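Read through the structure below, which is laid out as structure tokens, and then see the notes.
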Amino acid sequence: MQSNRTLMVLPGDGVGPEVIKETLRVVDWFAKNKSISFNIKEGLVGGASFDKYGTPLSDETLSDAVDADAILFGAVGSPKYDGVEFEKRPENGLLRLRKEMDLFANLRPAMVFPALVDASSLKPNIISGLDILILRELTGGIYFAEPRGIEEIDTQIKKGYDTNLYTTPEIERIGRVAFDMARARNGKVTSVEKANVMMSGVLWREVITSLHKKEGSDILINHMYADNCAMQLVRDPKQFDVIVTDNLFGDILSDCAAMLTGSLGMLPSASLGSVDQNTGKRHAMYEPVHGSAPDIAGKELANPLAELLSLSMLFRYSFEMKEEADLIDEAVSRALDAGPRTQDIMASGRVKVGTKGMMDSVINKLEELTK
Ligand code: IPM
Ligand code: MG
């Protein structure tokens, strides 16, 4: 079944290859036990690609990624490349993939698994049952807009500058995704910018407001400044349903939201392009929020669940495999209820395991659930 689909796997750097390796065991599990298989194509990205090809993303790998039905991404980055020229840093491989495939909608859910309520640094009553979605604009704003640069003002002084720029269509398309997501959730969108300080923020608020009038009257909308949003996220995160925001604020607020849940090691994300009118397909890349975690890389300590939950999102959003995605989510939840844990979510009375041990536990639950 479905063996005509291509899954591109880009493990990258740091803990990326470790968590990808374990997650592919679940892909194998579906092939063996459910006869669902894909064409799997692997490629290099980030520092791993730089070491081999002198670039963080080769044209060949990019073209394979563009052709694939979905991409499962690990992580990029390592202090090893700090001295490398800016354009060739590992992060640029990721940024290029986002830009070239126009993956403008970045979904970063932050949900608290019941078994992990105590793993958060916040009080249980603040975060238990939390389920919010940060929708980050991913291909515009200060990450890409020109002009940007470092220039000399005179021989003593330089200036470094970036541009935060958004156009009406860019704001409208992410706003539309926010309304769609809210419709499938709890019907509420909080649009976040700094319209009190930034012109791009003034336009953002204007466009979202008029889009809401035209296309979102069934959605409850409110507007919030980004600094207030950061504060509200730790004060009372359950007030939110969908937060839609620009590329930079989304980067920052999603790290904050992630930590509410106890561990970065638990959170998946999806980056989606627009639906092609002719083929009905959309480019999509799935990656854990945690990044390459150089401090624990190579030690088999990383929690593989964010990567696995990214695979679950991939099944759900790109492969229309809702049942299988639900199965993964349920297996993860049960593995957390009882059984061993990786160090990042360790609790007293549990056995501590590494990356492989954590996945063994989930695969056991998959077996149990399908017996
Ligand atoms: C993220 C990361 C990236 C970003 C880095 C690795 C370029 O922090 O996905 O949140 O800033 O977007
Ligand atoms: Mg980030």
Side-chain angles (χ1 to χ4, degrees), residues 10-17 19-20 44-50 55-57 62 65 71-82 84-110 132-145 148 162-166 170 174 192 226 229-230 233 243-261 263-273 283-297 302 306-307 309-310 313-314:
L10 295 171
D13 308 322
V15 299
V19 295
I20 285 274
L44 296 176
V45 68
S49 171
F50 178 80
T55 164
L57 181 72
L62 174 62
I71 302 163
L72 188 67
F73 191 93
V76 288
S78 157
K80 188 178 146 195
Y81 304 99
D82 283 353
V84 170
E85 71 181 280
F86 193 76
E87 299 301 319
K88 302 211 160 150
R89 298 247 179 102
E91 290 78 2
N92 268 295
L94 175 60
L95 296 178
R96 187 161 172 228
L97 279 165
R98 290 175 179 170
K99 191 68 182 174
E100 299 271 346
M101 289 192 288
D102 202 19
L103 304 173
F104 71 95
N106 182 216
L107 284 55
R108 298 191 163 188
I132 63 176
L133 176 71
I134 307 244
L135 179 63
R136 168 186 177 192
E137 199 293 326
L138 201 62
T139 50
I142 205 159
Y143 273 61
F144 297 100
R148 48 171 39 220
D162 300 278
T163 303
N164 198 35
L165 184 155
Y166 275 100
E170 281 179 309
I174 193 76
V192 173
C229 181
L233 269 175
I243 293 176
V244 61
T245 190
D246 79 4
N247 205 341
L248 182 61
F249 294 141
D251 179 45
I252 297 166
L253 295 174
S254 64
D255 261 32
C256 176
M259 211 51 222
L260 299 173
T261 70
S263 174
L264 277 176
M266 293 299 305
L267 294 181
S269 78
S271 304
L272 310 176
H283 290 307
M285 182 159 83
Y286 300 83
E287 64 180 295
V289 170
H290 55 62
S292 59
D295 52 325
I296 57 164
E307 189 72 67
L309 293 168
S310 300
M313 284 186 99
L314 184 154

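These numbers come from the heavy atoms of this one structure, side chains and all, not from hydrogens, waters or symmetry mates. What you see is a predicted model; the values in this text were computed from it and never measured. In each ligand, atom 1 is the first atom listed, and ligand 1 is the first ligand listed.
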Distance-minimising heavy-atom pair for L314 and I71: CD1-O, 3.9 Å

Which pair of non-hydrogen atoms, one from Y143 and one from L95, has the smallest distance, and what is that distance? CD2-CD2, 3.8 Å

Does the side chain of E91 come under 3.5 Å of the side chain of Y81 through a donor N or O and an acceptor N or O? no

Say whether, by atom type as modelled, one donor and one acceptor occur between the side chain of N247 and the main chain of L138 under 3.5 angstrom. yes

Quick test: of every protein heavy atom, which one is nearest to atom 4 (C) of ligand 1, and how far off is it to 0.1 Å? Y143 OH, 3.4 Å

Distance to 0.1 Å, residue and atom name: give those for the protein heavy atom nearest to atom 1 (C) of ligand 1. R108 NH2, 3.3 Å

Check: I142 main-chain N/O paired with R148 side-chain donor or acceptor under 3.5 Å: yes

Does ligand 1 have any atom sitting under 4.0 Å from a heavy atom of H290? no

Looking at atom 8 (O) of ligand 1, what's its closest protein heavy atom, distance included? D251 OD1, 3.3 Å

Does R89 come within less than 4.0 Å of ligand 1, judged by its heavy atoms? no

Just by distance, no angles: are the side chains of S78 and D13 close enough, under 3.5 Å, to form a donor-acceptor pair? no

Distance check below 2.8 Å: does D251 bring an N, O or S atom to the Mg ion (ligand 2)? yes

Going by the atom numbers of ligand 1, which of them fall below 4.0 Å from some non-hydrogen atom of E91? 6 (C), 7 (C)

